[in-house]
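Here is the structure we will look at, set down as structure tokens.
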Amino acid sequence: MQVASDNRPEDFLRLEHLLYGWNYQVWVNVYGPLDANQSLVDALRASVSGNCEVDRTTPLSVEDAKELVIESLTYPGDEGAGPIDLELKRAEVLHLAGKLLEAAHVEQADQVSTFWLRKGHPGYPVFWEFALDVHAQGQRWILLGCSSD
């Protein structure tokens with residue numbers, strides 16, 4: 001029997017729990033600090049999955065990066081899929097989203113890019129996803145998130 005443990009921060013797990021819903025599940029993680037001099041693909045292959053492939057890398061402002069993450073995490077869903085009682089949990093979700101952004105050093109970023117992780121995603125994107133390459137303080141952090149059914 002193999003036992004796996006999830007060693008992501010408790011705040012990330014709490015955020016996922018709060019956003020669990022009808023035919024809806026969220027996954028988030030931050031990887032880093034990583035070597036800012038590596039290519040994005042090499043950093044992903046070393047930290048996320050050995051078979052990562054990337055497309056559509058686009059520069060993003062810090063404000064737009066924060067907005068992308070917040071909009072994704074507060075996605076209300078529809079009648080068939082979405083977080084349960086999101087409005088009741090909204091304040092805590094926003095607080096934990098702030099912790100997620102803090103862990104990825106988004107506020108201190110010198111450069112942020114969004115990209116599409118074409119292959120090797122650790123989650124299962126269905127409704128939305130974000131993938132950010134954050135460069136701050138001479139290092140790199142990769143922020144990934146998605147929702148699935």
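Starting from 1, each residue takes its place in the sequence as its number.
Summarising the geometry, atom OG belonging to S47 is positioned 11.5 Å from atom CG belonging to D35; distances are rounded to the nearest 0.5 Å. To the nearest 0.5 Å, the span separating CD on Q108 from CG on L101 amounts to 10.5 Å. Taken from CG in D133 to CG in L40, the straight-line distance is 4.5 Å, to the nearest 0.5 Å. In this structure, the separation between CD on E10 and CG on L96 is 10.0 Å, given to the nearest 0.5 Å. Q111 contributes atom CD, which lies 12.5 Å from atom OG of S61 (distance to the nearest 0.5 angstrom). With values rounded to the nearest 0.5 angstrom, C146 atom SG is found 4.5 Å from H121 atom NE2.
Counting side-chain heavy-atom gaps under 4.5 Å among Ile, Leu, Val, Met, Phe, Trp and Tyr, Y20 is found in no cluster with other residues.
Residues V126 and L15 share a single hydrophobic cluster, defined by chaining ILVMFWY side chains whose heavy atoms lie under 4.5 Å apart. Hydrophobic clustering, with ILVMFWY side chains joined whenever heavy atoms are under 4.5 angstrom apart, groups Y75 together with L132. Hydrophobic cluster membership differs between W22 and F127, with clusters built from Ile, Leu, Val, Met, Phe, Trp and Tyr side chains linked at under 4.5 angstrom. Linking ILVMFWY side-chain heavy atoms closer than 4.5 Å, directly or via other members, places L94 and L73 in a single hydrophobic cluster. With hydrophobic clusters built from ILVMFWY side chains whose heavy atoms lie under 4.5 angstrom apart, V54 does not share a cluster with L143.
Under the rule for a salt bridge (Lys or Arg N to Asp or Glu O under 4.0 Å), E102 has no partner lying at least two apart in sequence or in another chain.
The minimum heavy-atom distance between A104 and V134, with the atom names listed, is O-CG1, 3.2 Å. Nearest heavy-atom pair, V106 versus A65, reported as atom, atom and distance to 0.1 Å: CG1-CB, 4.3 Å. Residues P83 and P76 approach most closely at CD-O, 3.7 Å, considering heavy atoms. When all heavy atoms of Y124 and D149 are compared, the closest pair comes out as CE2-OD1, 3.7 Å. Nearest heavy-atom pair, A103 versus F12, reported as atom, atom and distance to 0.1 Å: CB-CZ, 3.9 Å. Between C52 and G120, the shortest heavy-atom distance links the atoms SG-O, 3.9 Å.
Put simply, the residue from Q137, H135, Q139 that forms a side chain to side chain donor-acceptor pair (under 3.5 Å) with H105 is Q137. The side chain to side chain contact (heavy atoms under 4.5 Å, CB included) with K66 is formed by just one residue from the set D64, V69, V62, L68; it is V62.
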As a quick check of understanding, evaluate side-chain contact (heavy atoms from CB on, under 4.5 Å) for W27 and S148, giving each step before the final call.
CA-CA 8 Å; W27 178 89; S148 62; over 6 Å; no
From CA spacing to verdict: side-chain contact (heavy atoms from CB on, under 4.5 Å), V28, V26:
CA-CA 7 Å; V28 295; V26 169; 4.1 Å; yes
Let me see the working for I142 and V30 under side-chain contact (heavy atoms from CB on, under 4.5 Å), right down to the final yes or no.
CA-CA 6 Å; I142 296 171; V30 173; over 6 Å; no
Dump the intermediate steps for side-chain contact (heavy atoms from CB on, under 4.5 Å) on Y31 and W141, then the final yes or no.
CA-CA 6 Å; Y31 300 88; W141 285 266; over 6 Å; no
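For the pair H95 and R14, the minimum side-chain heavy-atom distance is 4.5 Å or more. The shortest distance between side-chain heavy atoms of V48 and N29 does not fall below 4.5 Å. Taking 4.5 Å as the limit, some side-chain heavy atom of L13 sits within range of a side-chain heavy atom of R8. T74 is not listed as a side-chain neighbour of L19, based on a closest heavy-atom distance of 4.5 Å or more. Residues S49 and L44 form no side-chain contact, since every pair of their non-hydrogen atoms from C-beta on lies 4.5 Å or further apart. In this structure the side chain of T114 never reaches within 4.5 angstrom of the side chain of F130, judged on heavy atoms. Side-chain contact between W116 and E129 is present, with heavy atoms from C-beta onward closer than 4.5 Å. Using a 4.5 Å cut-off on side-chain heavy atoms (C-beta onward), F115 and R56 make no contact.
Checked by atom type, the side-chain pair W128/S72 shows no donor-acceptor distance below 3.5 Å.
Classification of K89 and E92 as a salt-bridged pair fails, no side-chain N sitting under 4.0 Å from a carboxylate O.
Looking only at distances, no side-chain donor or acceptor of D85 sits under 3.5 Å from a matching main-chain atom of L88.
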